[in-house]
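Okay, so here's the structure we're looking at.
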Amino acid sequence: MADHDEGGLGKKASINRRGLLKCMAWAGTGVLWSVSGGVPRSLGLLGEAAAAEQKSGGFTFLQISDSHVGFDKPANPNALGTFQEAIAKINAMPTPPAFIIHTGDITHLSKDKEFDDADQAMKALKQKVYVIPGEHDVADADNGKAYLDRYGKGTKGKGWYSFDYGGAHFIALINVFNFEPGFKSAGLAKLGDEQLEWMEKDVKGLSASAPIVVLAHLPLWTVYQEWGWGTEDAPRALGYLKRFGSVTVLNGHIHQIQQKVEGNLSFHTARSTAFPQPAPGSAPAPGPMKVPAEELHSVLGVRTVNYVPGKSPLALVETPLGA
Amino acid sequence: MMPKTALLLGALGATAALVAIVPQAPSAGAVNPAAIQIDNFHYSPAMLVVAPGTTVTWTNDDDSPHSVREKDGKFKSAALDTDDKFSQTFTAPGEYEYFCSIHPYMTGKIVVKPAGS
């Protein structure tokens with residue numbers, strides 16, 4: 001897999017501590033995306049993304065992920081606080097993004113209070129927020145009722161949906177139900193037949209030149225099977241998107257930036273606004289990774305995406321909370 | 001002085017041994033508790049054999065939340081935060097495979113069979 005290397009960060013898993021912490025700089029705020037000429041790509045800096053967008057008449061949107069509201073362990077004793085900081089940073093952007101996407105794990109334990117706190121924090125955002133659940137949002141004993149009661153209105157099946165903005169088609173997929181338990185398999189996520197059938201129909205009438213942006217919580221490519229960081233039936237979903245000129249897949253879940261490009265498909269995982277996780281295989285198990293308190297903000301972040309009609313791809317800007 | 005201390009330690013040792021033995025004491029009709037720790041993304045022990053009527057309690061020792069869900073939904077917990085517990089009493093003999101709905105590659109098994117069978 002190709003590692004994210006903008007700003008000199010994220011050299012592929014050379015696992016000395018310094019290297020790991022550098023990697024972890026990608027674990028956290030949000031990501032600015034630019035959609036230009038149908039291909040999303042990340043930009044180097046927030047300011048550059050905004051400038052590119054203004055010149056072109058395109059738009060930017062912003063990705064936040066893995067806020068884990070309710071988490072209060074040593075890796076970040078105040079996950080709600082860092083989420084609010086990320087939101088304040090977004091609100092301070094000179095050119096506000098057109099909308100926000102939250103790629104799941106809004107809460108830590110699917111508790112009503114956590115959802116209430118997260119909603120209250122997101123109310124400070126001026127833009128519409130599109131959300132999908134992470135497995136932490138559907139961990140109630142009622143298999144996701146708490147999430148679906150709150151965010152399921154107007155969606156299909158167990159919360160999936162699509163929408164169009166500025167000529168791009170966005171597909172919000174849910175891969176946190178229907179897990180394949182790891183008795184005989186790798187224990188990867190699944191999209192499930194019902195959702196895949198819906199998706200096939202959803203993209204059928206679209207022009208192949210329409211830029212496609214897919215949102216899903218767990219990566220739609222297998223980042224690390226041993227930790228369940230992948231989606232078993234993702235190849236079928238991606239098969240429906242082969243004919244499109246530009247497909248950008250935005251994921252969360254792993255609390256660090258990983259990227260991969262396969263022809264017209266590009267895959268990107270985002271940082272968390274709450275806490276970093278170890279690089280694949282660099283620790284006995286995944287889970288919250290404790291860094292020195294003064295370094296936490298450098299490993300949390302947001303991502304902005306810039307869409308510029310024309311020839312260049314979607315641009316992504318990663319911004320650590322500490323920047 | 002010395003003999004007294006030795007006597008005291010001896011008494012404590014006897015008490016501790018008694019306490020340790022009680023949960024395993026096979027007495028007809030008693031509810032036998034059994035414990036599974038969730039540590040470093042593993043159920044420990046991953047397989048546990050118990051007699052019918054045993055109440056098994058899972059305790060999450062991780063900083064990450066975990067859950068306990070039988071593969072066909074026969075029992076399931078909500079998300080267990082650090083130090084949270086979940087208990088399930090097993091009456092019917094059989095094999096119960098379970099996994100963590102948050103990290104589904106984590107699996108475990110409870111085998112319920114009468115003692116001596």
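Computation of the quantities below employed the complete heavy-atom set of this structure, encompassing side-chain atoms and omitting hydrogens, waters and symmetry-equivalent molecules. What you see is a predicted model, and the numbers here were worked out from it, not measured in a lab.
Contacts between A:F71 and chain B at a heavy-atom distance below 4.5 Å involve the side chain alone, from C-beta outward.
Heavy-atom pairs under 4.5 Å with chain B were tallied for A:A285, A:G228, A:P181, A:G70; the largest tally goes to A:P181.
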With 3.5 Å as the limit, can you list every donor-acceptor pair between chain A and chain B, backbone and side chains included?
residue : atom : partner : partner atom : Å
A:K73   : NZ   : B:D81   : OD1          : 3.1
A:K73   : NZ   : B:D81   : OD2          : 3.3
A:A139  : O    : B:A79   : N            : 3.0
A:N143  : OD1  : B:R69   : NH1          : 3.3
A:N143  : OD1  : B:R69   : NH2          : 2.8
A:G182  : N    : B:P104  : O            : 2.8

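Nearest heavy atoms, B:G108 versus A:F183: O-CE2, 4.1 Å.
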